[in-house]
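Naming convention: chains lettered A, B, ... in sequence-line order (proteins, then strands); numbering from 1 in each chain.
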Amino acid sequence: MASPSHSLSLHDSQTRQKRVFTPIDPENVRVYYCGPTVYDAVHIGNLRAMLSADILVRLLRCLYPHVTFVRNITDVDDKITARARENGETIGALTARTTEIFHEDVAELNILPPDVEPRATHHIDDMLAMIDQLVASDHAYVAEGHVLFAVDRCASYGALSGRSPEDLLAGARVEVAPYKRHPGDFVLWKPSSADQPGWDSPYGRGRPGWHIECSAMSRRYLGESFDIHGGGDDLMFPHHENERAQSLCCAPASGFAHTWLHNAMLLSNGEKMSKSLGNFYTIRQVLTRAPAEALRLLMLGTHYRSVLDFTWEKLEEAKRTLDRFYRALERTPPLAEVEPASSLCAPFMNALCDDMNTPLALSCLHPLADAALQGDQAASDALSACGRLIGILTRSPDLWFRSGADDTAIEALIAQRAEAKKARDFTTADDIRARLSEQGILLEDTASGTSWRRA
RNA sequence: GGUCCGGUGGCAGAAUGGUGAUGCAGCGGACUGCAAAUCCGCGUACGUGGGUUCGAUUCCCGCCCGGACCUCCA
């Protein structure tokens, strides 16, 4: 663990203030993030929330002895039902397949798995128990086979997203169903037809509404109150607002999530990256242009609460930055088992502890790389430790610079070129270098000989 | 229409009521057969109009511009 002198501040979306983070139970910090709905591969915009959570959890693990991180999988949803029908596959096959792709994608970005990854379909009983409770306490009502949450029975409804139930009518995009008492009321349980997934319940065969799953699963694994709940900005309303209302009405004194974290959106050409606009990239598309580690660094180069406009230029720049960092680590290899407690890491840690200011933290890495390039062992150790803390610089420089190339053939050409150089036949030498360059192999002559790397 | 966030050098991107980080790109130099890498040095910015203040990029108000949300969303 890092020195206890680092105190973590986080910006809480509900109070819109940066506050010193104080865990409910310092022995077990509890975090919940909303995970994906598994009907399709995620795009790199979706991964931003996963990465924000990853940085948060990695940091918390430095500061506290134990962290429980829960991130759900939504595997029941009308989009899933529709997609499975389009694809001519079963819902189970679709959700299993896309969950696997999701796991591969987050692993590519070096996003660590959560401690618990509950699936909605495994917690229908928990959801129904909560729905029963809400109906019994008159926070919800049954109408035409639906169970609806009554927003006007929750005094603080709207407190998270900063809107009143009346405000919500202004947008006029609410579904005004005749069975709703208030247009803002939302579904906890809805009836399923024979060709829709459904579970038996006191309200008939049906399926859960979107929001209840997170209330049920966070309660199951983290309790009625926990430390941090996070997700993308676009989840703040309605998803988190509704989740909060459900949970608080079940446990009014709990406070539910003490801190809410919302990351801003990833843009593409100045607009939110989204499936519907078609302006998205998957991680596989990125991998054709740069290692996933470059994408990770790119994303960390903007604060999580600021919008980030994705461009290929930024990806290239991130890759070059990693080239330099890895070169520093190659020049002065870090000693094993270094801890981020070194005083050299203090500016970096302070930046991270200030509401996860990753851009500022990254700027602290450059002087370390400069020093490591000059042979400074402590700087190299610190660079490696800081990098690992945020999930970069985890591989060997050799792997970074030279993986996937045919080193035998390259070494042979380098030997040929060395002969040519010895004979001062620079035309041949330059020709060999040019040929390798076309294959993306870059030669570097040094006093001790020629080394190569992938460009 | 409602709610909220933002506008910083060529680009990206932080901090800050008082000499404005960092990176990339650019320019000059060292090194090199030439490169690459590395090293040294240099330049350029607070959307706009007011206000508060000894002093504003920072705080407040108006305006302009951009983005997000307003029951699909990371």
Side-chain angles (χ1 to χ4, degrees), chain A residues 13 16 33-37 39 42-53 71 77-79 82 151 158 161-164 166-177 180 183-187 209-211 230-239 241-242 262-267 270-276 297-298 301-303 305-309 311 313-314 316-318 320-321 323-324 327-328 330-331 347 351 354 357-367 369-370 373-374 421 424-427 429-430 433-434 437 442-447 450-453 455:
Chain A
S13 323
R16 297 201 181 90
Y33 259 74
C34 293
T37 300
Y39 69 102
V42 297
H43 57 67
I44 57 175
N46 300 126
L47 289 173
R48 196 173 185 205
M50 310 304 145
L51 182 57
S52 296
R71 188 185 62 212
D77 179 276
D78 289 351
K79 283 199 296 292
V151 292
S161 56
R163 46 192 107 205
S164 64
E166 291 69 41
D167 289 339
L168 302 176
L169 302 180
R173 260 167 64 175
V174 285
E175 182 194 356
V176 184
K180 284 188 182 179
D185 292 352
F186 57 90
V187 168
W210 175 29
H211 319 295
D233 243 356
D234 52 356
L235 291 185
M236 184 145 69
F237 189 88
H239 184 54
E241 189 70 61
N242 292 353
H262 289 96
N263 58 278
M265 296 294 101
L266 184 72
L267 311 184
E271 280 185 305
K272 176 177 168 179
M273 187 173 283
S274 73
K275 287 261 163 70
S276 54
L297 184 70
L298 180 164
T302 298
H303 188 92
R305 286 192 292 110
S306 297
V307 293
L308 195 184
D309 200 0
T311 63
E313 290 71 23
K314 280 183 194 165
E316 180 57 32
E317 185 177 330
R320 279 198 298 267
T321 301
D323 280 343
R324 185 174 167 86
R327 191 169 292 118
E330 188 171 49
R331 195 76 48 97
D354 184 8
N357 192 336
T358 51
L360 187 60
L362 288 172
S363 76
C364 299
L365 261 34
H366 290 280
D370 293 345
L373 279 162
Q374 301 309 309
K421 278 180 64 177
R424 301 198 66 78
D425 176 4
F426 294 120
T427 312
D430 289 350
R433 185 168 61 194
S437 174
L442 213 138
L443 297 188
E444 296 182 343
D445 292 334
T446 67
T450 300
S451 64
W452 64 274
R453 63 183 169 95

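Nucleic acid contact for A:H262: none, since no nucleic acid atom lies under 4.0 Å from a heavy atom of the residue. When heavy atoms are screened at a 4.0 angstrom cut-off, A:M236 is found touching no nucleic acid atom at all. Residue A:E313 is classed as having no contact, given no heavy-atom separation below 4.0 Å to the nucleic acid. Counting any heavy atom pair closer than 4.0 Å across all strands shown, A:L443 reaches a base atom. Using a 4.0 Å heavy-atom cutoff across all strands shown, A:G231 reaches sugar-phosphate atoms only and no base atom.
Remark: P of B:A68 and CG of A:L308 are 14 Å apart, rounded to the nearest angstrom. Rounding to whole angstrom units, CG of residue A:L267 and P of B:A68 are separated by 7 Å. Note: CD (A:E241) to P (B:C4) measures 14 Å, nearest angstrom. For A:K180 and B:U71, the NZ to C1' distance is 7 Å, given to the nearest whole Å. Computed from coordinates, the A:R327 CZ to B:A36 P distance equals 12 Å when rounded to whole Å. In this structure, A:F237 places its CZ atom 17 Å from P of B:G2, rounding to the nearest Å. The nearest whole Å value for the distance from the OH atom in A:Y39 to the P atom in B:C73 is 9 Å. Put simply, CG on A:L266 is 15 Å from P on B:G67, counting in whole angstrom units.
Comparing the same atom, C1', in B:C60 and in B:A21 gives a spacing of 27 Å after rounding to whole Å. For the C1' atom pair drawn from B:C31 and B:U38, the interatomic distance equals 8 Å after rounding to whole Å. Only the C1' atoms considered, B:C73 is 12 Å distant from B:A68, to the nearest whole Å. Spacing between B:C42 and B:C63 at atom C1', rounded to whole Å, works out to 38 Å. Rounded to whole Å, the separation between the P atoms of B:A36 and B:A30 comes to 15 Å. Rounded to a whole angstrom, the distance from the C1' atom of B:A45 to that of B:U52 is 25 Å. B:G49 and B:U57 are spaced 12 Å apart, taking the P atom of each and rounding to whole Å. Comparing B:C4 with B:U8, their P atoms are spaced 22 Å from each other, to the whole Å.
For RNA chain B, if you chain together Watson-Crick or G-U pairs that step i with j, i+1 with j-1 and so on, the runs of at least three with distances under 3.5 Å are B:1-7 with B:64-70, B:10-12 with B:22-24, B:26-30 with B:38-42, B:47-51 with B:59-63.
With salt bridges taken as basic N to acidic carboxylate O contacts below 4.0 Å, one links A:R433 and A:D430.
Counting heavy atoms from C-beta outward, A:E330 and A:R453 have side chains that stay 4.5 Å or more apart. Between A:R48 and A:T302 there is a side-chain heavy-atom pair separated by less than 4.5 Å. Inter-residue side-chain proximity for A:V307 and A:D233 is flagged as unmet; no heavy-atom pair is nearer than 4.5 Å.
Between B:U38, B:U71, B:A74, one nucleotide has an atom nearer to the side chain of A:M50 than all others, and that is B:A74. For A:N46, the listed nucleotide lying nearest its side chain is B:A74; candidates were B:A14, B:U71, B:A74. Side-chain proximity of A:R16 to B:C4, B:A74, B:U71: nearest is B:C4. Of the listed nucleotides (B:U71, B:A14, B:C73), B:A14 has the atom at the smallest distance from the side chain of A:T302.
Between A:A455 and A:L442, the closest heavy-atom pair is CB-CD1, 3.9 Å.
Side-chain atoms of A:T321 come within 3.5 Å of backbone atoms of A:E317 as a donor-acceptor pair (strictly under, hydrogens ignored). Without hydrogens or angle criteria, A:N46 side chain to A:H43 main chain gives a donor-acceptor distance under 3.5 Å.
In this structure, CZ on A:R305 lies 11.0 Å from CG on A:N263, to the nearest 0.5 angstrom. To the nearest 0.5 Å, atoms CD (A:E316) and CG (A:L298) are separated by 11.0 Å. Considering CE of A:M265 and CG of A:D309, their distance stands at 13.5 Å, rounded to 0.5 Å. To the nearest 0.5 Å, the span separating OH on A:Y33 from CG on A:L235 amounts to 10.5 Å. Here the straight-line distance linking atom CZ of A:R71 with atom CE of A:M50 works out to 6.0 Å at 0.5 Å rounding. The line from OH of A:Y39 to NZ of A:K275 is 4.5 Å long, rounded to the nearest 0.5 Å.
Remark: A:W452 is not in phosphate contact with B:A36, judged by side-chain N or O atoms under 4.0 Å from OP1 or OP2. OP1 or OP2 of B:G13 has at least one side-chain nitrogen or oxygen of A:K314 nearer than 4.0 Å. A sub-4.0 Å separation between OP1 or OP2 of B:C69 and a side-chain N or O of A:K272 is present. Taking only side-chain nitrogens and oxygens, A:N357 comes nearer than 4.0 Å to OP1 or OP2 of B:A15.
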Classify every nucleotide of nucleotides 16-33 of chain B by which part a protein heavy atom approaches to under 4.0 Å, writing B for the base, S for the sugar-phosphate alone and - for neither, in 5'-to-3' order. -----BSBS--------B
Between the protein and nucleotides 58-60 of chain B, list every N/O to N/O distance that falls short of 3.5 Å.
none

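Using the six-membered ring where Trp is involved, A:H211 and A:H239 have ring planes that are tilted, between 30° and 60° apart.
Residue-to-nucleotide proximity on RNA chain B shows that, of A:V42 and A:G270, the 5′-proximal contact is made by A:G270.
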